[in-house]
Every structure is written in structure tokens, then in C-alpha cells.
Amino acid sequence: NALRDVFTQARRAGVPVIVGAADETVRRRAAELRADDWYRIPATADEIAARIRTAIARAVPTGPALTDRIERA
């Protein structure tokens, strides 16, 4: 339930969620909750940073979504 609460709050705030999965159960749960990205624990700092950068890049609007946001601003 704690993981679900984190996802709910992050979605409301527009923050991507990256999950460190120590086992298959956590990985499946992250997939069920539609994590933006995940990695297997233990992971290197470079891998974690890459996952964070990728998730943030996916969250940035492009194309028509970006045009719409600019028009509304």
C-alpha cells in the first residue's frame, strides 16, 4: 500500500516514478502500478542516474502537447 500511495502522490504532482526492485515481486508490483522506469537492486550510480534521466525525458511534452502547452501559457 505504501508503494501505491507514492505512485498516487507522484502522479498528482506530475513526477515520474522510478522503482528499485530487489526481487521479482517488487518488479511485478512496479509494473502493475505503471512505474515510469525501474532497475534491479543493487545498481550502479550511473545506471540509476540514467533511469532517472530517461524517465524525466519521457515526461517532458513534445510535439502537439508542447505546442498546446505553449499556446495556453
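Because the structure is a prediction, the values reported are computed rather than measured.
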Out of Ile48, Thr44, Ile52, which residue meets the side chain to side chain contact (heavy atoms under 4.5 Å, CB included) rule with Tyr39?
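The passing option is Ile48.
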
Qualifying salt bridge (Lys or Arg N to Asp or Glu O under 4.0 Å) pairs, either residue in [range], two or more places apart:
range          : value
residues 16-31 : Glu24-Arg27, Glu24-Arg40, Arg29-Glu32
residues 42-51 : Asp37-Arg51, Glu47-Arg51
residues 3-19  : Arg11-Asp36

With Val15, which residues qualify under side chain to side chain contact (heavy atoms under 4.5 Å, CB included), at least two apart?
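With sequence neighbours excluded, Val15 shows a side chain to side chain contact (heavy atoms under 4.5 Å, CB included) to Ala10, Ala13, given in chain and number order.
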
Considering only Ile, Leu, Val, Met, Phe, Trp and Tyr, and joining two whenever side-chain heavy atoms are under 4.5 Å apart, list the other residues clustered with Leu3.
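Noted: Leu3 shares its cluster with Phe7, Val17, Val19, Val26, Leu33, Trp38.
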
